[in-house]
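Residue numbers start from 1 in every chain, and the chains themselves are labelled A, B, ... in the order their sequence lines are given, proteins ahead of strands.
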Amino acid sequence: MPELPEVEVVRRGIDAHVSGRVFAEIQVHHPRAIRRHVPGPVDFAARLAGRRVVAAWRRGKYLWAELDGGEALLTHLGMSGQFLVRPDGTPDEKHLRVRFRFADGGPELRFVDQRTFGGCLVTDLVEVDGARLPLPIAHIARDPMDPAFDVGAVVRALRRRRTEVKRALLDQSLISGVGNIYADEALWRAKLHWARPTERLAAARVADLIGAATEVMTEALGAGGTSFDALYVNVNGESGYFDRSLAVYGQEGLPCFRCGSPIRREPFMNRSSYSCPRCQRRPVR
DNA sequence: CCTAACTCCTGCATGC
DNA sequence: TGCATGCAGGAGTTAG
């Protein structure tokens with residue numbers, strides 16, 4: 001499940017292998033992959049052909065290739081999206097959705113996505129609060145790796161919410177880049193139960209939580225990301241190894257690293273939350 | 001305006 | 001073996 005660290009690994013790969021190159025033929029193999037590009041696949045391909053990639057950027061879980069002339073190829077990996085750099089003639093992946101060829105005839109870029117939650121679109125860049133962003137993600141908050149990330153402002157915004165703390169942590173308009181895995185890891189590090197009401201959390205506890213999220217995602221990036229299977233890989237098809245360092249996510253029944261209590265799994269928003277029953281006490285009501 | 005539920009999708013694990 | 005069911009879940013959309 002690509003979250004900030006995994007998307008950053010992909011961004012670096014695209015920056016290294018695609019920046020400076022000129023798009024040629026683009027093939028859309030599955031229309032759902034560009035469903036957010038409203039004008040459709042023909043327009044999508046036409047807007048990219050002949051355009052040079054200036055650089056690859058990221059905010060939260062979104063990444064985009066800035067094109068010469070001012071537009072951007074914006075993408076989100078969803079649950080299972082991958083960008084792979086492959087020499088021409090490499091057999092197509094089963095879930096190949098979009099093929100990007102280049103004018104230099106070098107290795108092509110492929111968007112592969114099993115569960116089709118991810119996608120691509122071409123869009124304008126706009127100025128938002130001192131940052132240059134693709135228009136559809138103007139509402140996405142800065143992530144903790146952003147030099148202009150303001151911890152104090154995020155703490156205040158989060159405490160204004162009237163909801164459970166994990167819901168707020170997953171809200172990409174408050175703080176971006178955190179998904180289910182790193183949310184659970186950050187809550188464990190901060191010793192907070194996911195259902196704690198935000199309005200009853202002291203500012204210092206919230207700051208601890210943001211710090212824990214930043215810390216765990218930084219460590220995961222250093223490990224090349226988290227991967228449970230072949231679904232998340234870098235542009236060369238290689239997996240990260242942070243899954244070995246996970247304290248709670250997917251660890252149901254295994255002993256807590258801190259206290260030895262068996263990690264529990266609870267239903268949360270039609271998915272799961274993992275936590276330590278002793279280190280992370282459930283709120284009384 | 002704010003919050004929560006719903007929805008999209010495929011493959012794998014599980015149980016009968 | 002085959003079929004049904006549950007689960008994985010990001011984020012836009014819709015409902016209240």
Side-chain angles (χ1 to χ4, degrees), chain A residues 1-8 10-11 28-38 58-64 74-83 92-98 111-121 123 133-143 156-187 194-201 213 217 220 225-233 239 243 246 248-253 264-274:
Chain A
M1 278 41 82
E3 302 179 25
L4 187 155
E6 293 74 33
V7 179
E8 174 60 16
V10 174
R11 186 201 68 77
V28 177
H29 287 239
H30 196 306
R32 191 172 149 77
I34 60 147
R35 64 195 180 283
R36 291 190 67 191
H37 189 86
V38 178
R58 181 190 57 72
R59 172 171 282 200
K61 305 170 198 170
Y62 285 91
L63 73 98
W64 65 95
L74 174 65
T75 76
H76 194 291
L77 301 177
M79 289 180 65
S80 56
Q82 308 174 343
F83 275 102
D92 287 358
E93 291 75 11
K94 183 179 177 186
H95 303 292
L96 174 65
R97 306 306 187 193
V98 185
F111 181 63
V112 176
D113 188 13
Q114 177 194 103
R115 293 177 207 172
T116 72
F117 274 33
C120 310
L121 71 154
T123 183
L133 295 179
L135 182 59
I137 64 163
H139 65 292
I140 300 294
R142 291 185 189 272
D143 62 66
R156 286 190 294 277
L158 196 144
R159 291 180 74 233
R160 277 197 295 270
R161 286 298 176 89
R162 293 294 174 263
T163 186
E164 295 165 344
V165 65
K166 184 173 172 181
R167 287 178 180 271
L169 195 55
L170 293 173
D171 187 334
Q172 306 297 301
S173 67
L174 286 177
I175 173 176
S176 67
V178 183
N180 200 41
I181 297 171
Y182 298 118
D184 278 0
E185 294 299 310
L187 287 161
W194 54 265
R196 287 284 295 271
T198 48
E199 69 265 33
R200 292 213 293 274
L201 280 178
M217 291 196 294
T226 297
S227 181
F228 308 103
D229 48 37
L231 276 188
Y232 162 70
V233 293
S239 292
D243 57 308
L246 294 175
V248 284
Y249 185 85
Q251 310 298 306
E252 185 181 14
R264 72 182 154 197
R265 179 163 69 101
E266 297 170 296
F268 168 78
M269 290 174 74
N270 287 326
R271 48 195 66 119
S272 295
S273 255
Y274 297 89

With sequence neighbours excluded, what pairs up with A:F117 under the ring-ring contact (aromatic ring centres under 6.0 Å, His included) test?
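With neighbours one apart ignored, the set is empty.
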When A:R97 is tested against each of A:V28, A:V112, A:D113 for side-chain contact (heavy atoms from CB on, under 4.5 Å), which residue passes?
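Of all the options given, the one that passes is A:D113.
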What is the distance from [atom1] of [X] to [atom2] of [N], rounded to the nearest Å?
X	N	atom1	atom2	answer
A:H76	C:dG12	NE2	C1'	11 Å
A:L63	C:dG10	CG	P	16 Å
A:D184	C:dG10	CG	P	10 Å
A:L74	C:dG10	CG	C1'	14 Å
A:R35	C:dA11	CZ	P	12 Å
A:H37	C:dG12	NE2	C1'	18 Å
A:L121	C:dA11	CG	P	14 Å
A:N180	C:dG10	CG	C1'	10 Å

Enumerate all atom pairs, one protein N or O and one N or O from nucleotides 13-16 of chain C, separated by less than 3.5 Å.
none

Using a heavy-atom cut-off of under 4.0 Å over every strand shown, decide if A:F268 touches base, sugar-phosphate, or nothing.
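No contact.
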Measure the spacing between [atom1] of [X] and [atom2] of [Y] and express it to the nearest 0.5 Å.
X	Y	atom1	atom2	answer
A:E8	A:K61	CD	NZ	15.0 Å
A:M217	A:I181	CE	CD1	12.0 Å
A:L169	A:W194	CG	CH2	13.5 Å

With no hydrogens and no angle check, just 3.5 Å: does a side-chain donor-acceptor pair link A:T198 and A:R159?
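On atom types as modelled, these side chains do not qualify, holding no pair under 3.5 Å.
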Give every pair of a protein N or O atom and an N or O atom of nucleotides 2-5 of chain B that lie under 3.5 Å apart, one pair per line with the distance.
| residue | atom | partner | partner atom | Å |
| --- | --- | --- | --- | --- |
| B:dT3 | OP1 | A:R162 | N | 2.7 |
| B:dT3 | OP2 | A:R161 | NE | 2.8 |
| B:dA4 | OP1 | A:T163 | OG1 | 3.4 |
| B:dA4 | OP2 | A:T163 | OG1 | 2.7 |
| B:dA5 | OP2 | A:R167 | NH2 | 3.1 |

Give a yes or no on whether the backbone of [Y] and the side-chain of [X] come within a donor-acceptor separation of less than 3.5 Å.
X	Y	result
A:S272	A:E266	no
A:Q82	A:F111	no
A:E3	A:G179	yes
A:Q172	A:V178	yes

Contacts of type salt bridge (Lys or Arg N to Asp or Glu O under 4.0 Å), residue A:R162, not counting sequence neighbours:
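Here no residue qualifies.
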Does the side chain of [X] get closer than 4.0 angstrom to OP1 or OP2 of [N] through an N or O atom?
X	N	value
A:S272	C:dC7	no
A:Y62	C:dG12	yes
A:H139	C:dG12	yes

Output one letter per nucleotide in nucleotides 8-15 of chain B: B when a protein non-hydrogen atom lies under 4.0 Å from the base, S when only the sugar-phosphate is that close, - when neither is.
BBBS----
Taking N and O atoms by type only, does the side chain of A:R271 place a donor or acceptor under 3.5 Å from a partner on the base of C:dG10?
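Between C:dG10 and A:R271, which were checked side chain against base, a qualifying N/O pair under 3.5 Å is present.
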I'd like to check [X] versus [Y] (side-chain heavy atoms, cut-off strictly below 4.5 Å). Are they in contact?
X	Y	value
A:R36	A:P136	yes
A:R59	A:L133	yes
A:L77	A:F83	yes

Five-pair end axes of the helix from B:dC2-C:dG16 to B:dC16-C:dG2, angle between them (10°):
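Rounded value for the end-axis angle: 50°.
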